[in-house]
Protein chains: 2
Amino acid sequence: MTSPQLPADGKLVRSQGVTAPLGFRAAGIAAGIKASGKPDLALVFNEGPEYAAAGVFTSNQVKAAPVLWSQQVLKTGRLRAVVLNSGGANACTGPGGFQDTHATAEKLAEALSNWGTETGAGEIAVCSTGLIGDRLPMDKLLPGITEIVHEMAGGLSGGADAAHAIMTTDTVPKEAAFHAEGKWNVGGMAKGAGMLAPSLATMLVVLTTDAVATPEQLDAALRKATKYTFDRLDVDGSCSTNDTVLLLANGASEVTPTQDELEAAVFAVCDDLAAQLMADAEGVTKRVEITVTGAATEDEALTVARAVARDSLVKTALFGSDPNWGRVLAAVGIAPVTLDPNRIAVSFNGNPVCVDSVGAPGAREVDLSGEDIAVLIELNVGDGEAMVRTTDLSHDYVEENSAYSS
Amino acid sequence: MTSPQLPADGKLVRSQGVTAPLGFRAAGIAAGIKASGKPDLALVFNEGPEYAAAGVFTSNQVKAAPVLWSQQVLKTGRLRAVVLNSGGANACTGPGGFQDTHATAEKLAEALSNWGTETGAGEIAVCSTGLIGDRLPMDKLLPGITEIVHEMAGGLSGGADAAHAIMTTDTVPKEAAFHAEGKWNVGGMAKGAGMLAPSLATMLVVLTTDAVATPEQLDAALRKATKYTFDRLDVDGSCSTNDTVLLLANGASEVTPTQDELEAAVFAVCDDLAAQLMADAEGVTKRVEITVTGAATEDEALTVARAVARDSLVKTALFGSDPNWGRVLAAVGIAPVTLDPNRIAVSFNGNPVCVDSVGAPGAREVDLSGEDIAVLIELNVGDGEAMVRTTDLSHDYVEENSAYSS
């Protein structure tokens with residue numbers, strides 16, 4: 001599998017999100033789940049005529065109740081709605097927590113049915129984000145479900161409100177939409193970055209499209225896009241209990257794109273959302289792209305890129321704008337891959353700092369004071385390539401993730 | 001393989017190091033390798049009558065020149081001396097760097113032979129620690145070799161000087177010695193902690209014993225001891241290009257301990273030095289022991305303990321004295337091992353905070369304000385156990401490892 005290509009035609013915008021495609025509504029409200037009173041409940045609703053859907057979930061073995069629920073629901077390949085809450089992860093909450101998720105879906109099904117859209121709980125995905133280990137305040141959440149359906153019913157588009165309501169320590173909402181030659185569309189919203197937030201968790205992404213597509217086509221497009229975007233955004237190696245990426249399609253445009261076109265459009269939106277997540281990661285002062293070329297295989301290139309992206313000594317050096325290529329080589333050497341330890345080359349922002357595993361002239365003087373740092377590592381053993389996005393390791397990261405800040 | 005037992009008899013002291021056993025001399029001087037003028041050259045010399053030796057080296061595929069040299073030399077199972085320098089790692093320095101290591105050993109062989117002890121370069125191990133990527137100042141180092149042999153010749157014991165001269169950002173020298181019922185002895189010195197130092201690297205350990213033992217017996221004892229001590233000291237998951245642990249035996253006590261006795265004594269010294277390394281790790285404000293029980297195998301217990309020990313979110317929470325057990329569960333869930341996600345139990349300093357993967361009453365009020373934190377994770381799937389020592393992730397870690405401090 002190679003990386004999907006960006007679409008040849010069409011237009012990507014950040015001013016629109018999940019309601020950019022035809023036939024999707026959304027809303028976001030403050031239901032009182034967060035003590036701060038900020039928005040904490042979001043809804044994305046598919047008006048049809050089709051209800052195809054696919055999802056990708058956390059690889060963590062410890063999965064939150066809403067993940068277990070949504071995985072189960074998605075076996076049908078159908079979704080009418082997604083309800084998302086911030087202010088609590090509903091993870092490590094036992095059977096009671098699962099019942100809370102079930103009750104949330106039941107309540108939404110009832111509210112939607114009352115509104116005139118006959119819906120079952122089994123057509124509703126649930127996502128949660130926040131502190132692990134506490135039960136959700138159902139006395140706030142359930143009335144909020146009724147309210148948010150009313151809110152959604154009142155307006156045609158609440159995509160921006162929904163994107164706001166899923167924020168935890170995000171400083172800005174993340175939305176993107178791709179308009180395929182004005183004929184069909186893909187929209188999306190996202191929150192979080194890996195598992196970065198203080199005492200909080202989770203990357204949540206909801207994507208929508210008005211293209212005509214089967215659940216199998218959506219699944220293939222979603223897996224391919226996430227593999228090359230969200231899966232390669234590696235801020236601290238953590239993978240939360242709640243990570244969820246959903247893609248809903250309703251066919252409202254009556255356009256049936258080819259699989260390649262669908263994959264390209266979904267990839268474009270995911271790629272842009274991933275870049276937005278990196279830029280807003282907590283404590284970030286540098287946006288870093290680690291590219292590895294010349295590995296034995298693509299998988300080995302990815303292993304090396306991740307090893308470097310997760311290395312605390314590399315990340316603190318980048319925070320200090322220090323072109324410390326020796327730490328990069330040490331991190332590469334730990335990776336369990338085929339290496340020729342004498343033929344590694346490294347460049348920072350296009351400046352060679354290490355050739356054949358030995359320092360290049362002027363390497364210690366390379367200027368890394370800007371916000372963007374591109375690290376290129378050439379292994380010289382094969383043709384495998386991969387890129388991982390990461391950030392530096394800063395004082396703010398420590399501050400925001402230690403209890404002092406909470 | 002199970003963990004070696006601590007010796008039933010005998011005495012462990014921290015006031016003595018590599019010269020505690022009979023027939024070992026040592027010295028430490030300032031040769032001018034460090035710009036600061038601090039001590040930077042150390043020598044450990046075996047007076048015989050035997051010269052058995054064993055070594056354990058970094059698993060990093062990118063190995064420094066002195067590691068490549070010492071691995072080669074140790075194939076004979078014999079060592080007469082170890083020369084160690086701080087102020088430069090001599091890693092990623094190409095063939096020229098290897099020639100520098102060779103020249104260092106040749107120079108020491110010549111100086112020792114001039115002193116009346118016929119020695120070949122092939123009987124000398126070399127260790128280096130410092131910044132990766134720069135050549136060593138041989139115009140300072142080679143005259144220093146002559147000087148340190150004179151220094152050693154002048155006194156019977158320079159163990160403490162040697163322990164000082166290998167320090168980089170260590171704040172205290174690390175020495176330990178075990179006296180086996182007053183009959184035979186094991187001594188040791190160490191520097192570093194994983195790969196923690198700013199722009200620097202390396203854990204270096206030299207152990208000596210006056211017991212009678214073959215290279216094979218030493219090798220077995222050393223591998224067993226390091227596996228359960230230095231290998232399980234995991235500050236940031238980094239493994240330097242220069243890590244070296246050497247054990248030299250001269251039989252001067254004329255005592256031949258059993259293999260169990262030898263292993264117990266070597267383990268005792270390594271265990272104590274590992275604890276000293278953890279306590280002096282840069283930026284440490286908490287000493288943390290992660291113990292995993294009930295894993296399917298010992299290896300899986302170790303995998304889980306390492307995953308938790310390396311998790312930035314767990315480490316920042318511990319820095320903040322925050323009993324955030326949810327992050328521990330999330331870190332456990334990432335480990336590629338057999339888990340029952342609903343049966344994990346966690347305690348902090350003996351206080352249960354999570355039972356059957358759900359929070360225990362009072363979990364958020366557990367006091368972790370002290371310097372020592374014991375994390376116990378019970379997986380409830382088997383009998384495998386393992387313990388890893390680590391530290392918190394603090395502001396000082398970021399400060400000392402970013403270029404701002406250098």
Side-chain angles (χ1 to χ4, degrees), chain A residues 59-63 89 91-94 97 131-134 195-196 198-199 201 236-241 310-313 316-317 319-322 324-327 329-335 339 341-342 344 354 356-359 363-364 393-395 397-399 401-406, chain B residues 59-63 89 91-94 97 131-134 195-196 198-199 201 236-241 310-313 316-317 319-322 324-327 329-335 339 341-342 344 354 356-359 363-364 393-395 397-399 401-406:
Chain A
S59 57
N60 200 306
Q61 293 191 66
V62 177
K63 296 184 204 305
C92 303
T93 45
L131 186 65
I132 296 172
D134 290 341
M195 184 171 169
L196 255 193
S199 307
D236 51 15
S238 298
C239 175
S240 105
T241 50
R310 291 178 181 177
D311 190 273
S312 293
L313 289 168
T316 46
F319 169 55
S321 302
D322 177 8
N324 195 327
W325 59 268
R327 293 187 183 175
L329 254 68
V332 169
I334 301 168
L339 289 181
N342 299 313
I344 304 166
C354 170
D356 288 343
S357 303
V358 176
R364 305 236 183 262
L393 174 52
S394 69
H395 281 303
Y397 179 92
V398 173
E399 187 65 23
N401 285 297
S402 63
Y404 292 145
S405 63
S406 62
Chain B
S59 57
N60 200 307
Q61 292 191 67
V62 177
K63 296 183 204 305
C92 302
T93 46
L131 186 65
I132 295 173
D134 288 342
M195 181 170 171
L196 255 194
S199 306
D236 51 15
S238 298
C239 174
S240 105
T241 50
R310 291 178 182 178
D311 190 273
S312 293
L313 289 168
T316 46
F319 169 56
S321 303
D322 177 7
N324 195 326
W325 59 268
R327 292 187 184 177
L329 253 68
V332 169
I334 301 169
L339 288 181
N342 299 313
I344 303 166
C354 170
D356 287 343
S357 303
V358 176
R364 305 236 183 262
L393 175 52
S394 68
H395 282 302
Y397 178 92
V398 173
E399 188 64 23
N401 285 297
S402 64
Y404 292 146
S405 62
S406 61

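Only heavy atoms go into these numbers, but all of them, side chains included; no hydrogens, no water, no symmetry mates.
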**Q** Within a strict 4.5 Å, meaning less than it, do heavy atoms of the Gln61(B) and Ile344(A) side chains meet?
**A**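 A side-chain contact under 4.5 Å is absent here.
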**Q** Of all heavy-atom pairs between Arg364(A) and Ile132(B), which one has the smallest distance, and what is that distance?
**A**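 The pair with the smallest heavy-atom distance is NH2-O, 2.8 Å.
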**Q** For chain B, find which of Val332(A), Asn342(A), Asp134(A), Leu393(A) contributes the most heavy-atom pairs closer than 4.5 angstrom.
**A**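 Heavy-atom pairs under 4.5 Å are most numerous for Asp134(A).
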**Q** Considering residues at least two apart in sequence or located in another chain, which fulfil the side-chain contact (heavy atoms from CB on, under 4.5 Å) criterion with Ala335(A)?
**A**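 Ala335(A): side-chain contact (heavy atoms from CB on, under 4.5 Å) contacts with Thr303(A), Val304(A), Ala307(A), Val337(A).
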**Q** Using 0.5 Å steps for rounding, measure from the CZ atom of Arg327(B) to the CG atom of Leu131(A).
**A**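 Output value for this atom pair is 9.0 Å.
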**Q** So which heavy atom on Gly333(A) is nearest to which on Val62(B), and how close?
**A**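 Reported closest heavy-atom pair: CA-CG2, 3.8 Å.
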**Q** Identify the two heavy atoms, one from Thr93(A) and one from Val358(B), that lie closest to each other, and give their separation to 0.1 Å.
**A**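 The answer is C-CG2, 3.9 Å.
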**Q** Between OG1 of Thr241(B) and CG of Leu329(A), what distance do you get to the nearest 0.5 Å?
**A**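 Reported value, rounded in 0.5 Å steps: 9.0 Å.
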**Q** Based on non-hydrogen pairs under 4.5 Å, which of Ser357(B), Pro341(B), Gly94(B), Cys92(B) is most in contact with chain A?
**A**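 Max contact count across the listed options: Cys92(B).
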**Q** Under 4.5 Å heavy-atom distance to chain A, tell me which part of Asp356(B) shows up: side chain, backbone, both or neither.
**A**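 Neither part; nothing is under 4.5 Å.
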